[in-house]
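Structure first, commentary second.
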There are 2 protein chains.
Amino acid sequence: MKAYTNKELEILIVLWELEAASVLQVHEALDSDKGYTTTLKLMQIMFDKGLLVRKKEGKKHIYKANIKRQVAQNNGMRNMIQNLFGGSTLGFAQSFLGNAKPTKKELDAIKAMIKQMEKDA
Amino acid sequence: MKAYTNKELEILIVLWELEAASVLQVHEALDSDKGYTTTLKLMQIMFDKGLLVRKKEGKKHIYKANIKRQVAQNNGMRNMIQNLFGGSTLGFAQSFLGNAKPTKKELDAIKAMIKQMEKDA
DNA sequence: TTTCATCTACGAATTATTTCGTAACAAACA
DNA sequence: TGTTTGTTACGAAATAATTCGTAGATGAAA
């Protein structure tokens, strides 16, 4: 997967949310204290890297993320399990349950997922 | 929590593994193609930042991580759920089950954890 | 057209991170 | 003692990432 820096991830997150957006829209969504041209430049760089796609519309560009949120999620997940948890699935699960503090409803949904997995296996 | 860069995390991981180690030991464990003084400098910076502690032993320093692995794990977890998953516990759980591909045994252990949580709640 | 308000492009400054060379220091020991 | 070896300290170079200013392009409006 194409690599991205932290700021770039922030922009990807905005675009996953907005689907498609102009630089101005992204800049406003970021609500940062940095200048507009900073966001512009970052998005241009991301376009050059292939992280974003864009099409011209009037005088502006409309950008989209060129990487699926789910792909990034899966990579982040694998990466974290491998590095921070040394590959320990159980340690990871434990930290997850402790930190996400799932509600009763969510726990039920998770149990259902597990049941489904067991059936598929 | 104190922030750390990527390279710094690599060193933390080694130290969590080794418990306590000299620069040389860390450098060897990293098995990188960079010079020894690079590792040395990084560890000095981390010491200055308070990420590591050390004690003199003979002419060398023995370093330890000054941040618990579990704390870093919990932070990474919260961070990831919040950013990459937009706070969606279920999305996260789904990605986890899909990527970690827990074995039957691990699934059982996870179910036990859930049962325990439900009892505590 | 000319003017005006947006936008983009892009070079360059700034800041953060990583890397390394060299000097100096400390312990061991010939 | 003086030489060798392993180690630290530290400045500074190299690289990467972020930020911004300014010039120029584009479309809309007078």
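Letters A, B, ... are given to chains in the order of the sequence lines, protein chains preceding strands, and every chain is numbered from 1. No hydrogens, no waters, no symmetry mates; every other heavy atom, side chains included, goes into these values.
A salt bridge does not link B:D108 to B:K105: none of the charged side-chain nitrogens sits closer than 4.0 Å to a carboxylate oxygen. Salt-bridge formation is detected for the pair B:K49/B:E8: a Lys NZ or Arg NE/NH1/NH2 atom is positioned less than 4.0 Å from an Asp or Glu carboxylate oxygen. The existence of a salt bridge linking B:E118 and A:K111 is confirmed by a sub-4.0 Å separation between a basic side-chain nitrogen and an acidic carboxylate oxygen.
Note on A:Q44: a base of the nucleic acid sits closer than 4.0 angstrom, heavy atoms only. Among the protein residues, B:K60 comes within range of the sugar-phosphate backbone only, with heavy atoms under 4.0 Å from sugar or phosphate atoms but none that close to a base.
Residue-to-nucleotide proximity on DNA chain D shows that, of B:I62 and A:G35, the 5′-proximal contact is made by B:I62.
One finds no side-chain N or O of B:Y36 lying less than 4.0 angstrom from the OP1 or OP2 phosphate oxygen of C:dT19. Residue B:K34 places at least one side-chain N or O under 4.0 Å from the OP1 or OP2 atom of C:dT19. The side chain of A:R54 places an N or O atom within less than 4.0 Å of a non-bridging phosphate oxygen (OP1 or OP2) of C:dA9. Contact between the side-chain N/O atoms of A:T38 and the OP1/OP2 oxygens of D:dC20 is found at a separation under 4.0 Å. In terms of phosphate contacts, B:T5 brings a side-chain nitrogen or oxygen within less than 4.0 Å of OP1 or OP2 of C:dT18.
Closest approach to the A:K41 side chain among D:dT18, C:dA12, C:dC20 is made by C:dA12 (side chain taken as heavy atoms from C-beta onward). The side chain of B:L42 sits closest to C:dT19 out of D:dT18, D:dA9, C:dT19.
The closest donor-acceptor contact from the side chain of B:N99 to the backbone of A:M77 lies at 3.5 Å or more, if one exists at all.
Distance A:D48 CG to C:dC10 C1': 11 Å, rounded to the nearest Å. Between the CD1 atom of B:I45 and the P atom of C:dC20 there is a distance of 14 Å, rounded to whole Å. Atom CG in A:L9 sits about 16 Å away from atom C1' in D:dT18, given to the nearest Å. In this structure, the NZ atom of B:K49 is 11 Å from the P atom of C:dA16, given to the nearest Å. Nucleotide C:dT19 holds its C1' atom 16 Å from the CG atom of B:N6, rounded to whole Å. Here D:dA23 presents its C1' atom at 14 Å from CG of A:L40, a figure rounded to the nearest Å. Atom C1' of nucleotide D:dT7 and atom NE2 of B:H27 are separated by 13 Å, given to the nearest angstrom. Rounded to an integer number of Å, the gap from NZ of A:K59 to P of D:dT26 is 11 Å.
Contact check for A:L51 versus A:Y63: no side-chain heavy atoms found under the 4.5 Å cut-off.
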